[in-house]
Amino acid sequence: MRFGGIVALSDVSIEVEAGAMVGLVGPNGAGKSTLFAVLSGLLRPKAGRTSLGGDDVTRLSAQRRAQRGLARTFQQPELFLGLTVREHLVLAYRSRHARSRLWSDMFTVGSLRRPDKAEAERVEGLIELLSLGPVADTVVDVLSLGTSRLVEVGRALATSPSVMLLDEPLSGLDAHEAASLAHALRRTVEQEHISALLVEHDVPTVLEHCSKVYVLDFGRMIASGDPGSIRSNPDVRAAYLGDEDVAM
Ligand code: ADP
Ligand code: MG
């Protein structure tokens with residue numbers, strides 16, 4: 001992937017298996033967001049291939065990839081003010097599943113409050129999975145950033161994805177919130193048997209929760225492997241040298 005004269009990604013290869021939470025880390029400017037955009041179909045690289053569940057999706061738009069089960073969360077949760085947590089989840093579920101309903105009926109607030117049986121079942125399951133019960137009927141406007149991120153994750157899950165791309169879901173959270181969201185993510189990936197790619201600045205949390213970690217630096221993959229091998233990798237340490245935030 002090039003931006004004018006800048007080679008943002010070169011010779012990069014990444015694989016995320018079903019049921020695995022895989023981490024992607026690297027210093028600022030390494031190319032993480034660029035890779036994320038390439039995978040989700042927002043950027044078109046000069047060369048390379050993306051496949052989803054064994055199908056080549058290289059030529060498909062971001063929207064088509066989403067329809068095929070690739071969900072992503074945004075770094076800044078973009079929630080709809082005035083809607084409750086439960087209404088958000090019903091809305092997200094309908095955006096992928098509801099085919100038989102009338103478009104005009106599907107997304108009115110009144111209709112969001114009357115989910116059918118299948119919708120209610122999926123949504124209540126997610127509320128339980130993410131421990132959102134206490135805030136299920138709360139409007140999102142008043143939620144903390146940590147809880148908003150849980151709602152964002154729930155929304156992605158409501159579309160029943162096979163692969164989830166998570167863009168720095170832990171940023172801005174305190175240590176306790178970050179740990180509990182990381183746990184919830186891992187539990188979800190295992191229970192739903194989906195793949196998750198976690199793009200994250202918080203290296204220690206990635207090393208703690210991901211089964212495999214990729215490390216980008218200057219647009220190249222300098223290391224990949226289990227957390228133990230990443231922790232002791234001299235190239236990784238060198239890439240993070242001088243980055244005081246990172247304790248590995
Ligand atoms: P990271 O997310 O790891 O911090 P990025 O993927 O945002 O890194 O950036 C990788 C490189 O590509 C950087 O040198 C950045 O300046 C450059 N870059 C990213 N997006 C653009 C763009 N839209 N136009 C030009 N250069 C870009
Ligand atoms: Mg970035």
Side-chain angles (χ1 to χ4, degrees), residues 1-16 21-50 52 57-63 65-66 70-78 145-146 148-149 152-153 155-156 163-174 177-178 181-182 185 195-210 212-225 227 229-231 233-248:
M1 180 73 218
R2 289 168 173 275
F3 296 110
I6 300 172
V7 180
L9 294 172
S10 173
D11 215 8
V12 165
S13 179
I14 185 165
E15 187 176 353
V16 187
M21 184 150 89
V22 171
L24 174 64
V25 299
N28 264 335
K32 304 182 295 296
S33 295
T34 302
L35 179 55
F36 203 85
V38 166
L39 293 175
S40 48
L42 297 170
L43 284 177
R44 235 160 243 286
K46 253 189 123 66
R49 200 167 63 83
T50 306
L52 179 61
V57 297
T58 311
R59 308 188 73 83
L60 299 188
S61 66
Q63 199 180 349
R65 295 183 198 196
L70 184 72
R72 59 163 301 176
T73 65
F74 291 89
Q75 196 168 343
Q76 287 311 318
E78 290 171 7
L145 179 62
S148 299
R149 287 208 196 284
E152 176 87 352
V153 170
R155 220 155 51 143
V163 179
M164 229 183 1
L165 303 176
L166 302 153
D167 197 0
E168 303 209 17
L170 309 177
S171 73
L173 304 188
D174 65 37
E177 287 177 321
L181 179 51
L185 286 173
S195 319
L197 179 63
L198 188 65
V199 177
E200 192 46 69
H201 194 72
D202 180 350
V203 181
T205 305
V206 167
L207 291 175
E208 190 184 335
H209 291 279
C210 293
K212 188 165 78 178
V213 179
Y214 288 91
V215 187
L216 267 180
D217 193 23
F218 294 113
R220 293 184 177 269
M221 206 63 90
I222 58 166
S224 67
S229 72
I230 296 297
R231 233 179 238 114
N233 185 308
D235 293 338
V236 176
R237 292 186 161 270
Y240 277 103
L241 215 62
D243 191 341
E244 261 117 62
D245 296 345
V246 179
M248 287 192 279

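When a residue number appears, it is its place in the shown sequence, counting from 1. Quick caveat: nothing in here was measured; it's all calculated off a predicted structure. Every number for a ligand or one of its atoms is a count from 1 in the order of the listing.
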Shortest non-hydrogen contact from [X] to [Y]?
X: Arg44; Y: Met1; value: O-SD, 3.7 Å
X: Ala239; Y: Ile222; value: CB-CD1, 3.8 Å
X: Leu60; Y: Arg65; value: O-NE, 3.0 Å
X: Val12; Y: Arg220; value: CG2-CA, 4.3 Å
X: Thr58; Y: Gly48; value: CG2-O, 3.6 Å

Might you check, step by step, whether the distance between atom 21 (C) of ligand 1 and some protein heavy atom is under 4.0 Å? yes
Could you tell me whether atom 4 (O) of ligand 1 has at least one protein heavy atom nearer than 4.0 Å? yes
Identity and distance of the protein heavy atom lying nearest [atom]:
atom: atom 16 (O) of ligand 1; value: Ile6 CD1, 5.0 Å
atom: atom 8 (O) of ligand 1; value: Gly31 N, 3.1 Å
atom: atom 6 (O) of ligand 1; value: Thr34 OG1, 2.5 Å
atom: atom 7 (O) of ligand 1; value: Ser33 CB, 3.8 Å
atom: atom 23 (N) of ligand 1; value: Phe3 CE2, 3.7 Å
atom: atom 14 (O) of ligand 1; value: Gly29 O, 4.2 Å

Ligand-residue contact atoms, ligand 1 with Asn28, heavy atoms, under 4.0 Å: 4 (O)
Hey, which atoms in ligand 1 end up nearer than 4.0 Å to a heavy atom of Ala8? 12 (O)
N, O or S of Asn28 under 2.8 Å from the Mg ion (ligand 2): no
Using heavy atoms and a 4.0 Å limit, tell me yes or no: is Gly26 in contact with ligand 1? no
Checking the side chain of Tyr214 only, and the main-chain atoms of Glu15 only, is there a donor and an acceptor separated by less than 3.5 Å? yes
Non-neighbouring partners of Lys212 that pass salt bridge (charged side-chain N to carboxylate O under 4.0 Å, His left out), sequence neighbours left out: Glu17
Looking at residues at least two apart in the chain, or sitting in another chain, which of them share a side-chain contact (heavy atoms from CB on, under 4.5 Å) with Ala156? Ala71, Thr73, Met164
